[in-house]
Amino acid sequence: LTGGAREALPTLLADDPAVAAALADAHRAEEDEVDPELRRALEEIVMALATEGVRVHTAEDLQRAVESRPELKARLVAALR
C-alpha cells in the first residue's frame, strides 16, 4: 500500500478483514488494468470511509456511503469520467 492518508493508518493497521479485503480488491483491479486514476481514487475513497468506520464490501455499499459525502462522491464521479 502506498500513498495512504496518515489519518487512515490506525484503521489500516487494525487488521480489519473488511479493509484488507477492500485493499485486496483494489490490488486485483490494478492487475486487471483498471485505469490508474480510477484505481487511485477508489483506494483513497475506501481509506477515507474506513477512517470513519464505514466498510465497503460491494459497489452498492460504496454508492450508499458516498451519497451522504459530497466530496467523496465528486471524487468518484470525476474518476469515472
Side-chain angles (χ1 to χ4, degrees):
L1 172 66
T2 59
R6 173 176 247 125
E7 59 272 6
L9 288 177
T11 302
L12 296 175
L13 297 175
D15 288 333
D16 187 317
V19 172
L23 293 173
D25 287 345
H27 180 71
R28 275 193 295 279
E30 178 180 338
E31 293 173 354
D32 292 339
E33 297 182 17
V34 169
D35 177 66
E37 176 75 17
L38 176 58
R39 185 186 75 253
R40 220 173 1 264
L42 289 171
E43 289 173 349
E44 291 170 4
I45 291 166
V46 167
M47 283 192 291
L49 291 168
T51 63
E52 296 179 23
V54 177
R55 305 297 179 240
V56 176
H57 299 283
T58 65
E60 290 79 16
D61 291 344
L62 179 61
Q63 183 177 356
R64 277 191 299 274
V66 299
E67 284 301 318
S68 61
R69 296 165 179 85
E71 291 178 17
L72 294 180
K73 184 176 181 177
R75 174 77 170 112
L76 180 59
V77 169
L80 289 170
R81 290 187 183 155

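None of these values were measured; they are calculated from a predicted model.
Applying the side-chain contact (heavy atoms from CB on, under 4.5 Å) criterion to T58, with sequence neighbours excluded, gives E60, D61. Residues passing the side-chain contact (heavy atoms from CB on, under 4.5 Å) test with L38, sequence neighbours excluded: V34, D35, L42, A79, L80. Contacts of E67 classified as side-chain hydrogen bond (donor to acceptor under 3.5 Å, both in side chains), with partners at least two apart in sequence or in another chain: K73. With sequence neighbours excluded, no residue satisfies side-chain hydrogen bond (donor to acceptor under 3.5 Å, both in side chains) with Q63. Residues passing the side-chain contact (heavy atoms from CB on, under 4.5 Å) test with R69 are L49, E52, V54, A65, L72, sequence neighbours excluded. Residues forming a side-chain contact (heavy atoms from CB on, under 4.5 Å) with E71 (at least two apart in sequence, or on another chain): none.
Contact record, R40 with R75: C-NH2, 4.4 Å, taken as the closest heavy-atom pair.
Residues L62 and L76 meet the side-chain proximity criterion, which asks for heavy atoms closer than 4.5 Å.
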